[in-house]
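These notes are about the structure you will find just below.
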Amino acid sequence: MRAGKLDRTIVIERRTDDVGDGGKVEAIWTQHATRRAEVLEDTASASADGAGEVTRATLRLRLRFMSDLAFDDRVFLDGVSYEIAAIAEIGRRKATEIELVRIGDARP
């Protein structure tokens, strides 16, 4: 993997649950890692369902291998939050490719 292709900075956040006053469980997101990544694909599509029109933005990124990346984590890129939909190891611990999904307005 060439370092010159890793031209974006992403922040990976990890969720922890905290029991607040009255036993209410609240999700707390903490910064887990900051990495450089390459954007492989950035697509958006619109579809209609029973609730109306939904825009689905999909983003594929490649970054240096990360063994502790989980589906419960989320990724921030350019101020936008994405959920992790797929994680794939490229080569033997050489790189990690992730597919991210944002549901809602897909405009940049």
Residue list, side chain to side chain donor-acceptor pair (under 3.5 Å) with [X], at least two apart or on another chain:
X	value
Glu41	Arg60
Arg8	none
Glu13	Arg74
Asp68	His32

With rounding to the nearest 0.5 Å, note down the distance linking [atom1] in [X] to [atom2] in [Y].
X	Y	atom1	atom2	answer
Arg35	Thr9	CZ	OG1	11.5 Å
Ile10	Leu63	CD1	CG	5.0 Å
Asp18	Lys24	CG	NZ	11.5 Å

Can you list the residues that meet the side chain to side chain contact (heavy atoms under 4.5 Å, CB included) rule with [X], with sequence neighbours excluded?
X	answer
Ile87	Leu69, Phe71, Ile84, Thr96, Ile98
Ala70	Arg14, Asp73
Thr16	Ile28

> Given a cutoff of under 4.5 Å between side-chain heavy atoms of I, L, V, M, F, W and Y, with clusters grown through shared members, what are the other residues clustered with Val25?
Replying inline: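 In the cluster with Val25 are Val19.
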> Using a side-chain heavy atom cutoff under 4.5 Å and only I, L, V, M, F, W and Y, what cluster partners does Val11 have?
Replying inline: Phe76
Write down the atom of [X], the atom of [Y], and the distance for their closest heavy-atom approach.
X	Y	result
Tyr82	Leu100	CB-CB, 3.6 Å
Glu38	Leu6	N-CD2, 3.8 Å
Asp17	Ala27	OD1-CA, 3.9 Å

> Are any non-hydrogen side-chain atoms of Lys94 and Phe65 less than 4.5 angstrom apart?
Replying inline: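 They are not in contact (no side-chain heavy atoms under 4.5 Å apart), so the answer is no.
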>> Surrounding CG of Asp42 (heavy atoms of other residues, nucleotides or ligands, distance under 6.0 Å), is the total greater than 12?
In response: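 Yes, the 6.0 Å shell around CG holds more than 12 heavy atoms from other groups.
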